[in-house]
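For reference, the structure is listed below as structure tokens.
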Protein chains: 2
Amino acid sequence: MSAAPEALEALIRKLQSTSILTEEERQAIRRLPASIRLLVPGQDLVEDGERPAHCGLLVEGWSYRYKLLDEGRRQIISFHVAGDTPDLQSLHLGTLDHGVGALTPCAFALIPHENLKRLTSAFPDVAALLWRETLVDAGIFRTWITAMGRRSAYGRIAHLFCELYLRQEAVGLAADHRCPMPLRQTDLADATGLTTVHISRVLKALRDDNLITFERRQLLIHDWQRLYDAAEFDPTYLHLKSFER
Amino acid sequence: MSAAPEALEALIRKLQSTSILTEEERQAIRRLPASIRLLVPGQDLVEDGERPAHCGLLVEGWSYRYKLLDEGRRQIISFHVAGDTPDLQSLHLGTLDHGVGALTPCAFALIPHENLKRLTSAFPDVAALLWRETLVDAGIFRTWITAMGRRSAYGRIAHLFCELYLRQEAVGLAADHRCPMPLRQTDLADATGLTTVHISRVLKALRDDNLITFERRQLLIHDWQRLYDAAEFDPTYLHLKSFER
DNA sequence: CGCCCATTTGAAAAATTTCAAACGTAGTGG
DNA sequence: CCACTACGTTTGAAATTTTTCAAATGGGCG
């Protein structure tokens with residue numbers, strides 16, 4: 001198990017983005033054993049039904065949670081960027097109810113449950129911050145449910161782009177209404193509950209309306225306000241410091 | 001603030017359904033101050049955007065989480081029965097990103113954040129169990145996303161009935177493939193992302209297929225296996241003891 | 001260059017919504 | 001006890017959204 005100190009610094013930064021850690025807490029996090037695991041696109045970090053013994057901290061790349069149904073149907077449940085922990089819930093749920101796959105080449109830092117449990121027992125404030133991470137996740141799920149249930153295809157996709165831009169901006173991966181967007185139309189379709197054909201048509205409409213374009217796997221948002229309006233976006237659910245009320 | 005010892009016993013029972021509490025932990029829970037709040041149908045426990053100072057433990061009745069959009073559109077995010085804590089996440093997220101309303105007459109036990117925070121700091125194992133409750137919630141959200149994105153209206157409704165039956169059965173509120181079902185067609189529509197008209201037609205189809213009927217606000221499941229198949233149901237996501245792998 | 005994969009386009013089919021009206025039932029007040 | 005009302009459910013027909021199927025186009029890479 002090779003040490004991966006940079007990965008743990010990333011976790012510290014992430015947790016400190018909403019709170020303050022004591023020196024003692026920071027040291028305890030740095031003492032966590034972490035091994036790095038590299039994934040190629042399409043490869044799984046964990047599979048549905050597994051009982052993992054680690055949690056994965058995404059250090060680099062994009063990953064996604066998903067569930068498979070009959071006849072090749074796939075639902076993507078969330079997308080993840082550096083700093084996210086897409087299987088943190090396995091710490092207390094045991095069996096995974098979904099898979100986690102790599103969308104781009106990914107680097108994960110694996111931290112054993114055992115050590116995380118010792119850490120959270122010794123430092124209740126760190127436990128609260130990790131708990132909080134899973135609660136933000138749940139807030140995003142709630143918002144996706146709302147998007148899928150009560151937004152048009154157009155609004156749903158606009159909403160997803162707003163979310164992915166803001167989440168990347170919040171961790172310094174984006175600025176100027178431009179951000180990496182490695183998703184294929186298949187991924188967009190499986191995330192929004194639509195077909196790739198329809199995604200293609202809706203993206204064309206978004207382009208025709210001069211809201212967005214793509215350029216070398218980057219999303220360029222040309223009219224943030226109108227995209228925001230089309231999405232009926234309310235950033236509260238992301239629980240970002242910059243939008244705190 | 002009137003004491004509500006029975007309510008706290010319900011919480012203890014709920015937490016002990018997945019784990020074991022020490023006598024000391026049980027005593028600490030019993031010492032929590034809790035006041036009872038009664039709601040009539042349609043009334044809100046908390047509203048979207050609030051920063052509540054308590055968490056509500058549902059002691060009696062049905063409640064639901066929801067979000068409102070423009071033009072009267074409503075999305076129901078989850079349903080709750082006795083033992084559930086639909087705003088527990090406010091303990092660490094501060095601002096609510098949804099409302100919690102009463103579907104039937106409800107009794108909630110309100111527990112101040114302050115006392116919950118002291119409890120979870122002093123007893124990491126209790127913290128882990130409360131954390132776990134929010135993680136099961138998130139698992140249900142993931143499954144709803146999957147249902148809305150990749151299941152037909154028919155399958156979606158079948159799935160919801162399977163879930164609501166099993167969750168009630170797990171806490172002793174249902175048995176024999178029969179359970180309370182106070183939802184109106186409007187609620188089903190807003191939960192599944194469909195219209196009431198379509199809900200009416202799909203319920204008719206489910207009745208015509210002899211899968212279910214209703215009788216005095218009770219759901220009667222006549223063919224559990226076929227309902228289960230129609231829903232492509234996999235109970236893993238509920239993380240119930242009885243289905244543990 | 002040729003191949004693979006993703007995207008685009010068109011036309012027809014299916015699922016779901018919209019609008020409008022009718023129906024049923026339970027509760028309220030005269 | 002009946003009439004009235006409010007609310008929820010059902011039904012029909014037309015409109016809309018989205019899917020399905022099939023084929024064409026485009027771009028990147030070995």
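Note on naming: letters A, B, ... go to the chains in the order of the sequence lines (proteins, then strands), and numbering restarts at 1 for each one.
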- Message: Can you measure A:R216 atom CZ to D:dG27 atom C1' for me and round it to whole angstrom units?
- Response: 15 Å
- Roughly, in whole Å, what's the span from CZ in A:R184 to P in D:dG28? 10 Å
- Item | Test log, rule side-chain hydrogen bond (donor to acceptor under 3.5 Å, both in side chains), inputs A:Y154 and A:D209 | CA-CA 11 Å; A:Y154 190 95; A:D209 291 346; 2.4 Å; yes
- Could you walk me through whether B:F141 and B:H98 pass the ring pair (Phe, Tyr, Trp, His ring centres under 6.0 Å) check? CA-CA 14 Å; B:F141 296 153; B:H98 61 79; 8.0 Å; no
- Electrostatic pair A:R74:A:D187 at N-O distance under 4.0 angstrom: yes
- Per A:R207 side chain, nearest of listed nucleotides D:dT9, C:dT8, C:dT16: C:dT8
- Query: B:I199 has an atom CD1; how far is it from atom P of C:dA15, in whole Å?
  - Reply: 16 Å
- Task: Would you indicate what B:R73 reaches in the nucleic acid, counting non-hydrogen atoms under 4.0 angstrom: base, sugar-phosphate, or nothing?
- Result: nothing
- Using a cut-off of 4.0 Å on non-hydrogen atoms, how would the nucleic acid contact of B:L194 be classed: base, sugar-phosphate, or nothing? sugar-phosphate
- Return yes if some donor-acceptor pair links the side-chain N/O of A:Q75 with the main-chain N/O of A:L68 below 3.5 Å, else return no. no
- Message: From CZ of B:F214 over to P of D:dG8, roughly how many Å is that when rounded to an integer?
- Response: 15 Å
- Task: Would you mind reading off the distance between A:E215 atom CD and D:dG28 atom P, rounded to a whole angstrom?
- Result: 12 Å
- Message: Any salt bridge linking A:D84 with A:R167? Criterion: basic side-chain nitrogen under 4.0 Å from a carboxylate oxygen.
- Response: yes
- Think B:Q185 has a side-chain N or O under 4.0 angstrom from the OP1 or OP2 of D:dC7? no
- Trace of the side-chain hydrogen bond (donor to acceptor under 3.5 Å, both in side chains) decision for B:Y66 with B:D44: CA-CA 10 Å; B:Y66 70 98; B:D44 276 352; 2.6 Å; yes
Name the pairs: protein N/O against N/O of nucleotides 18-20 of chain C, kept only if under 3.5 Å.
unit_1, atom_1, unit_2, atom_2, d
C:dT18, O4, B:R201, NH2, 3.1

- Item | Integer-rounded Å distance: D:dT10 C1' and B:L206 CG | 16 Å
- Task: Flag the pair A:D97 and A:R65 as a salt bridge only when some basic side-chain nitrogen lies within less than 4.0 angstrom of an acidic carboxylate oxygen.
- Result: no
- Mind calculating the distance between NZ (A:K204) and C1' (C:dT9) to the nearest angstrom? 10 Å
- Message: At 4.0 Å (heavy atoms only), tell me whether B:L203 reaches a base, stays on the sugar-phosphate, or touches nothing.
- Response: nothing
- Item | Residue that, paired with B:T213, satisfies side chain to side chain donor-acceptor pair (under 3.5 Å) out of B:H222, B:Q218, B:R207 | B:H222
- If the plane angle is over 60° it's perpendicular, under 30° parallel, otherwise tilted; pick one for B:F161 and B:F214. perpendicular
- Distance, rounded to the nearest Å, where A:L188 contributes CG and D:dT19 contributes P: 13 Å
- Message: What residues from residues 142-155 of chain A pass a heavy-atom cutoff of under 4.0 Å to DNA chain D?
- Response: A:A153
